[in-house]
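Scroll down for the structure; my scribbles are underneath it.
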Amino acid sequence: MISCSNISVKIGDKTLIEDINCDIARGDYLCIVGPNGSGKSTFLKTLLALLPASGGKISVDGETLSHYSHKKLAQLISYVPQTGGSHLSFNVEEFVRMARYSYHHVFSEWQSQDQDAIENALTITDSHPFRLRKMSTLSGGECQRVMIAAALAQDTPVLMLDEPTAFLDPHHQVAVHQLIRKLNQQLQKTIIEVTHDINHAAQHSKHVLALLEGKCLWHGPAEQFLDAERLHLLYQQAFVFAKHPHQERLIAVADES
């Protein structure tokens with residue numbers, strides 16, 4: 001679905017990411033991890049054409065990224081940013097409705113498939129009960145569900161999320177991650193998620209891309225990610241490990257001793 005070959009991004013004389021290679025298959029679930037400032041969000045924004053690559057090549061669905069118009073790319077990739085929409089004055093339905101912009105021009109009429117996309121998105125994310133509430137009145141968990149609903153209404157095969165559980169309590173973190181897994185497993189959405197939750201990445205994604213100082217430290221199957229030496233290189237931190245009681249995969253805890 002997405003192919004990245006030797007991707008680099010520079011702003012002025014500062015290199016943000018350098019020589020990143022990865023292929024993301026249709027239906028994959030890739031988590032991008034790494035310490036603060038490692039280039040995770042920069043890489044995501046480069047895949048979205050929000051930042052230009054200084055070198056290398058990105059292909060989406062077999063076509064070079066630069067060949068896509070913004071509207072055509074918005075029919076392939078939807079994006080849930082790190083900051084929510086709680087400051088917006090729109091109500092929930094109005095906000096989700098705007099996600100259909102890439103299927104319209106100035107004089108086009110609202111179609112039944114537009115409304116169907118909105119209704120499906122609100123249903124899947126369980127956002128129907130507050131569809132008429134202002135975005136500014138929502139809790140953090142509710143707002144994040146609406147942000148994902150808008151991305152779903154965009155009706156794209158690829159969904160990119162930048163730290164979707166940041167600032168959420170444990171209950172809402174679990175609810176959001178369960179929703180994302182549902183989109184991947186049941187709707188076959190290709191998921192690319194930036195996260196600081198290394199246990200979530202190891203247990204629930206399919207592949208992990210670990211970035212350090214703008215470079216790829218490791219890329220491979222999620223179940224192989226949690227390794228003591230690798231995590232120490234990545235975070236300059238020792239970890240202790242145990243088996244998850246239900247999933248039989250390792251979980252890692254920072255060693256504070």
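Heavy atoms only: backbone and side chains are in, while hydrogens, waters and symmetry mates are out.
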Nearest 0.5 Å, please: how far is [atom2] in [Y] from [atom1] in [X]?
X    : Y    : atom1 : atom2 : answer
W218 : L231 : CH2   : CG    : 10.0 Å
I251 : H200 : CD1   : NE2   : 15.0 Å
S102 : Q75  : OG    : CD    : 4.5 Å
I2   : I192 : CD1   : CD1   : 4.0 Å
S8   : L16  : OG    : CG    : 10.0 Å

Under 3.5 Å, is there a donor-acceptor pair between the [X] and [Y] side chains?
X    : Y    : result
D28  : T190 : no
H196 : N36  : yes
Q185 : Y29  : no
Q224 : H207 : no
H172 : T165 : no
S66  : T64  : no
H104 : Q111 : no
T156 : S78  : yes

- Message: Apply side-chain contact (heavy atoms from CB on, under 4.5 Å) to residues T123 and H128 and explain how you reach the verdict.
- Response: CA-CA 6 Å; T123 298; H128 261 295; 3.1 Å; yes
Closest approach of [X] and [Y], non-hydrogen atoms and distance?
X    : Y    : result
Q154 : Y103 : O-OH, 2.7 Å
T46  : L65  : O-CD2, 3.4 Å
C216 : L211 : CA-CD2, 4.0 Å
L168 : Q173 : O-NE2, 2.7 Å
N184 : K189 : ND2-O, 2.9 Å
A201 : V208 : O-CG2, 3.9 Å

Would you say [X] and [Y] are hydrophobically clustered, going by side-chain heavy atoms of ILVMFWY under 4.5 Å?
X   : Y    : value
I11 : I7   : yes
L50 : V60  : yes
L51 : F43  : no
M1  : L187 : no
M98 : L122 : yes

Just by modelled atom types, is the [Y] backbone N or O under 3.5 Å from a matching donor or acceptor in the [X] side chain?
X    : Y    : answer
K40  : P35  : yes
E94  : N91  : yes
R249 : A202 : yes
K206 : G27  : yes

Any non-hydrogen side-chain atom of [X] less than 4.5 Å from a side-chain atom of [Y]?
X    : Y    : result
L159 : I180 : no
F167 : Q144 : no
E213 : S38  : no
V146 : L138 : yes
L30  : S205 : no
C31  : L209 : no
T195 : I32  : no
F225 : V33  : yes

- Please check if atom NZ in K134 has more than 12 non-hydrogen atoms from other residues, nucleotides or ligands closer than 6.0 Å. yes
- Message: For Q188, I'd like to know if atom CD has over 12 heavy atoms of other residues, nucleotides or ligands within 6.0 Å.
- Response: yes
Electrostatic pair [X]-[Y], nearest N-O below 4.0 angstrom:
X    : Y    : result
E119 : R131 : yes
K215 : D19  : no
E142 : R133 : yes

- salt bridge (Lys or Arg N to Asp or Glu O under 4.0 Å) between D61 and R26: does it pass, once the steps are laid out? CA-CA 9 Å; D61 207 19; R26 190 178 296 272; 3.0 Å; yes
- Item | Reference residue D23; test side chain to side chain donor-acceptor pair (under 3.5 Å); the match among S5, S59, S3 | S3
- Task: List the steps, then state whether side-chain hydrogen bond (donor to acceptor under 3.5 Å, both in side chains) holds for S41 with D162.
- Result: CA-CA 7 Å; S41 295; D162 194 353; 2.8 Å; yes
- Message: Under the criterion side-chain hydrogen bond (donor to acceptor under 3.5 Å, both in side chains), I'd like the reasoning laid out for Q203 against H177: C-alpha separation, chi angles, the key distance, then a yes or no.
- Response: CA-CA 11 Å; Q203 292 170 31; H177 276 144; over 6 Å; no
